Amino acid sequence: MKKLLTIVLLLNVFFANAQTEAQKLATTMQRFHLALVQKDTGAIRQQTDVSLSYGHSNGWIETQSEMIKNLATGVIKYHGYKEDSLEAVVDKNVAYIRFVADINVTLNGNTGNYYFKVLEVWVRKGKRWLLFARQAVRG
């Protein structure tokens, strides 16, 4: 009986930790999206991996440096970024988040609201989660 109770308690701790890690990741993701809207290139640099591949639904792919440059120069401006139907899965030092996004953005002077299905891949380096890859498709 004692062994069974110990196993159940260990499983509860394990699942509570996994949920906590997924919640931390979701918070990190939301902060990243807020940094896009605020054009906070310093935060974006800290929250993305140097090997970032940031895919847009139109086939355009940005690296970390291109993303930061395009935000700083106004090539792209995010006005709003909302996530819905969030699914976060963490497996050790890698995780993915799937969600439906409602994004208000201006690209090359054209403003619009877009609805996408998005997949983001995050990697943990040290104690921090960094965005490694992202792909959006029209939803």
Side-chain angles (χ1 to χ4, degrees):
M1 184 69 170
K2 254 184 165 178
K3 273 187 176 178
L4 179 61
L5 182 59
T6 302
I7 291 171
V8 169
L9 289 174
L10 286 174
L11 286 173
N12 281 340
V13 168
F14 174 76
F15 287 115
N17 254 356
Q19 183 180 16
T20 301
E21 203 56 44
Q23 289 173 341
K24 286 180 193 176
L25 178 58
T27 299
T28 299
M29 177 207 64
Q30 290 169 332
R31 286 184 184 143
F32 169 72
H33 296 157
L34 181 60
L36 290 174
V37 172
Q38 295 175 340
K39 287 178 50 172
D40 186 345
T41 56
I44 291 167
R45 186 177 307 280
Q46 290 179 351
Q47 294 172 324
T48 56
D49 191 84
V50 295
S51 300
L52 177 67
S53 176
Y54 195 84
H56 297 268
S57 66
N58 62 2
W60 180 35
I61 298 172
E62 293 176 292
T63 64
Q64 181 197 53
S65 59
E66 290 169 336
M67 171 190 270
I68 291 168
K69 178 183 174 191
N70 290 333
L71 281 168
T73 60
V75 170
I76 190 165
K77 296 177 189 170
Y78 293 90
H79 308 291
Y81 205 120
K82 297 178 188 170
E83 309 90 0
D84 192 15
S85 305
L86 188 80
E87 174 193 2
V89 176
V90 177
D91 186 5
K92 297 176 186 156
N93 290 329
V94 67
Y96 69 80
I97 298 181
R98 289 183 184 275
F99 58 94
V100 176
D102 177 5
I103 303 171
N104 183 273
V105 65
T106 301
L107 176 61
N108 294 321
N110 299 315
T111 302
N113 262 355
Y114 299 95
Y115 300 94
F116 300 121
K117 292 182 180 177
V118 180
L119 169 66
E120 293 182 348
V121 178
W122 293 77
V123 293
R124 183 176 23 221
K125 294 197 175 177
K127 294 183 179 183
R128 298 176 48 215
W129 285 104
L130 301 176
L131 181 61
F132 184 76
R134 181 246 198 203
Q135 186 59 57
V137 296
R138 292 194 187 257

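Not measured: the values here are computed from a predicted model. Count residues from 1 along the sequence.
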Passes side-chain contact (heavy atoms from CB on, under 4.5 Å), Leu107 versus Val75? Steps please.
CA-CA 6 Å; Leu107 176 61; Val75 170; 4.2 Å; yes
Are the side chains of Thr20 and Lys24 in contact, using a 4.5 Å heavy-atom criterion?
yes
Salt bridge (Lys or Arg N to Asp or Glu O under 4.0 Å) partners for Asp49, two or more places apart
Lys125
Give a yes or no on whether the backbone of Val90 and the side-chain of Glu21 come within a donor-acceptor separation of less than 3.5 Å.
no
Decide yes or no for Tyr78 and Ile103: does some side-chain heavy atom of the first lie under 4.5 Å from some side-chain heavy atom of the second?
yes
Among residues at least two apart in sequence or on other chains, which ones pass side-chain contact (heavy atoms from CB on, under 4.5 Å) with Tyr96?
Glu87, Val89, Arg98, Leu119
Please collect all ring pair (Phe, Tyr, Trp, His ring centres under 6.0 Å) contacts where either partner lies in residues 40-60, sequence neighbours excluded, each pair once.
Tyr54-His56, His56-Trp60
Non-neighbouring partners of Thr111 that pass side-chain contact (heavy atoms from CB on, under 4.5 Å), sequence neighbours left out
His79, Asn104, Thr106
Please tell me if the side chains of Thr41 and Arg45 come closer than 4.5 Å, counting only heavy atoms from C-beta onward.
no
What verdict does the side-chain contact (heavy atoms from CB on, under 4.5 Å) test give for Phe132 and Val94, after you've listed the backbone C-alpha separation in whole Å, the side-chain angles of each residue and the deciding distance to 0.1 Å?
CA-CA 9 Å; Phe132 184 76; Val94 67; over 6 Å; no
Heavy-atom side-chain contact between Val105 and Ile76 under 4.5 Å:
yes
Any link between Val123 and Leu25 through a network of hydrophobic side chains (Ile, Leu, Val, Met, Phe, Trp, Tyr) touching at under 4.5 Å?
no
Answer with yes or no whether the hydrophobic clustering places Trp129 together with Met67; edges join I, L, V, M, F, W, Y residues whose side-chain heavy atoms lie under 4.5 Å apart.
yes
Is the shortest heavy-atom distance from the side chain of Ile44 to the side chain of Phe32 under 4.5 Å?
yes
Looking at every non-hydrogen atom in both residues, tell me the closest pair between Ala133 and Leu52 and how far apart they are.
N-CD1, 4.1 Å
Between the side chain of Arg134 and the main-chain N/O of Gly55, is any donor-acceptor distance below 3.5 Å?
yes
hydrophobic_cluster_shared for Val121 and Leu36, side chain cutoff 4.5 Å:
no
Taking all atoms of both residues into account, what is the closest heavy-atom pair of Arg138 and Tyr114, and its distance?
NH1-CD2, 3.5 Å
Who passes side-chain contact (heavy atoms from CB on, under 4.5 Å) against Gln30, sequence neighbours left out?
Glu83
Reported CG-to-OG distance for the pair Leu131 and Ser51, which is rounded to 0.5 angstrom
11.5 Å
What residues form a side-chain contact (heavy atoms from CB on, under 4.5 Å) with Leu86, not counting sequence neighbours?
Ala26, Met29, Ile97, Phe99
Verdict with supporting geometry, His33 and Val37, side-chain contact (heavy atoms from CB on, under 4.5 Å):
CA-CA 7 Å; His33 296 157; Val37 172; 6.0 Å; no
Does the side chain of Lys69 come within less than 4.5 Å of Glu62's, by heavy atoms?
no
